[in-house]
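For this chain, numbers begin at 1 and follow the sequence in order.
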Amino acid sequence: MFPSLSVERDGAIATVILNNPERMNAMNLAMWQGLIDAMQQLSADETVRCVVLRGAGERAFSAGADIEEFPRTRRDKAAARAYGEVTHRAMQAVAESRHPTLAVIHGACIGGGLELASMCDMRICGASSRFGAPINRLGLVMSYGELGGLVALAGRAVALEIVLEGRVFGAEEAQAKGLVNRVVADADVDTEGAAAARRIAQGAPLVARWHKRFVQRLGEARPLTDAELEEAYDCFDTEDFRIGYHAFLAKERPVFVGR
């Protein structure tokens, strides 16, 4: 469907697979562009309730950018700027998804892979997963668009530690730094990821979108307006609210309709 990407559907759950396993799912320019297209199409699809992002196979979520194409895509400042515009749009397409996003991480999550995972709403990884951004060894700067998600996720001190040292570290340390929500046994990554995606997809989709927007807004310094505070009560006029509390009282599982 997209260059070096595949999109699979299981009901309301869409899985975007970074499909370059021979190179540990390293991201080339075509993959970044394909990710923009895939995420924009899924975001516009009202039948989607959760988007899972993962790498093909179990060696890597993504080992980062495909360095072998740098002589063509990042040979000088002008080329790098054009490349960076694409990667920034891809990061934003993930961050701005209307639907909840979940990164399911096997193996290496390095450089651009870590940047990409940091844009998702949640991250689940295996116990042997590895994280880091050793770009200081390439003489390469992580741009504002690439660094923003990492700073928002883990904070200034951790983000600086990652880019200044360029050290690769394990899953337990990644969780302690706030980079992942959950660490499970390697054999359980897919099972736990699928279970988390189902729990997300079974929730009220309008509520998920409100929560995503509210959390993002709370990260901004400007005070909340009266209209924004009022929006927190809009859910009480939705059909999903009526479905939810009726199901609770009847001790049944709610089936939300997104209205």
Side-chain angles (χ1 to χ4, degrees), residues 2-5 16 18-36 39 53-57 59-96 103 105-120 123 125 128-180:
F2 304 100
S4 301
L5 291 176
V16 179
L18 310 176
N19 192 19
N20 191 11
E22 297 81 7
R23 299 187 57 75
M24 296 183 70
N25 301 316
M27 298 289 291
N28 56 43
L29 186 57
M31 291 173 71
W32 288 117
Q33 184 60 60
L35 184 59
I36 296 169
M39 292 303 301
L53 192 61
R54 61 162 297 153
R59 294 178 61 210
F61 176 79
S62 174
D66 188 346
I67 298 172
E68 288 194 1
E69 72 170 6
F70 277 19
R72 176 174 57 85
T73 60
R74 289 184 170 183
R75 63 187 177 276
D76 54 30
K77 183 175 181 178
R81 184 186 300 111
Y83 180 99
E85 289 173 357
V86 176
T87 60
H88 177 68
R89 287 174 57 208
M91 299 289 181
Q92 290 306 113
V94 175
E96 295 172 2
I105 301 168
H106 283 282
C109 185
I110 306 294
L114 177 57
E115 296 163 11
L116 191 53
S118 74
M119 296 293 180
C120 292
R123 287 148 296 279
C125 76
S128 69
S129 293
R130 305 179 308 285
F131 300 82
I135 59 174
N136 59 345
R137 302 174 203 169
L138 294 171
L140 180 64
V141 168
M142 191 180 292
S143 70
Y144 285 109
E146 297 167 325
L147 189 58
L150 196 58
V151 174
L153 180 64
R156 176 181 179 274
V158 170
L160 277 173
E161 176 189 355
I162 289 170
V163 295
L164 292 179
E165 281 195 291
R167 182 171 57 90
V168 175
F169 48 89
E172 184 176 340
E173 183 174 347
Q175 186 176 36
K177 292 181 183 303
L179 295 172
V180 296

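Between Glu96 atom CD and Met119 atom CE the span is 9.5 Å, to the nearest 0.5 Å. Considering CD1 of Ile36 and CD of Gln92, their distance stands at 10.5 Å, rounded to 0.5 Å. With rounding to the nearest 0.5 angstrom, the OG1 atom of Thr87 is 9.5 Å from the CE atom of Met27. Atoms NE2 and SG, from His106 and Cys125 in turn, are 10.5 Å apart once rounded to the nearest 0.5 Å. Note that the CZ atom of Arg23 and the CG atom of Asn28 stand 9.0 Å from one another [nearest 0.5 Å]. Atom CG of Leu29 and atom OG of Ser4 lie 11.0 Å apart (nearest 0.5 Å).
Applying the salt bridge (charged side-chain N to carboxylate O under 4.0 Å, His left out) definition to pairs two or more places apart or across chains, those involving residues 148-167 are Glu161-Arg167, Glu161-Lys177, Glu165-Arg167, Arg167-Glu173. Counting only residues at least two apart or in different chains, side-chain hydrogen bond (donor to acceptor under 3.5 Å, both in side chains) contacts with residues 132-144 comprise Ser143-Glu146. Counting only residues at least two apart or in different chains, salt bridge (charged side-chain N to carboxylate O under 4.0 Å, His left out) contacts with residues 24-33 are absent.
Here the side chains of Val141 and Ile135 are not in contact, with every heavy-atom distance at 4.5 Å or above. A heavy-atom distance below 4.5 Å is not found between the side chains of Val158 and Val151. Between His88 and Tyr83 there is no side-chain heavy-atom pair separated by less than 4.5 Å. You'll find the side chain of Leu153 reaches within 4.5 Å of the side chain of Arg123, heavy atoms only. Ile105 is not listed as a side-chain neighbour of Arg54, based on a closest heavy-atom distance of 4.5 Å or more. For the pair Glu115 and Leu150, the minimum side-chain heavy-atom distance is 4.5 Å or more.
When all heavy atoms are compared, the tightest approach of Asn19 to Ala56 is OD1-CB, 3.5 Å. Across Leu114 and Phe131, no two heavy atoms sit closer than the pair CD1-CD2, 4.1 Å. When all heavy atoms of Pro134 and Gly166 are compared, the closest pair comes out as CB-O, 3.3 Å. Across Gly149 and Ser118, no two heavy atoms sit closer than the pair C-OG, 3.6 Å. Summarising the geometry of Leu18 relative to Phe61, their closest heavy-atom pair is CD1-O, 3.7 Å, with the distance given to 0.1 Å.
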Trp32 and Leu5: side chain to side chain contact (heavy atoms under 4.5 Å, CB included), yes or no, with the steps? CA-CA 9 Å; Trp32 288 117; Leu5 291 176; over 6 Å; no
Derivation and outcome, side chain to side chain contact (heavy atoms under 4.5 Å, CB included), residues Phe169 and Ile162: CA-CA 10 Å; Phe169 48 89; Ile162 289 170; 4.1 Å; yes
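When atom types are taken as modelled, the side chain of Asn20 and the backbone of Ala26 share a donor-acceptor pair closer than 3.5 angstrom. Panel note: side chain Arg59, backbone Ser62; no donor-acceptor pair is recorded below 3.5 Å. Without hydrogens or angle criteria, Asn25 side chain to Ala60 main chain gives a donor-acceptor distance under 3.5 Å.
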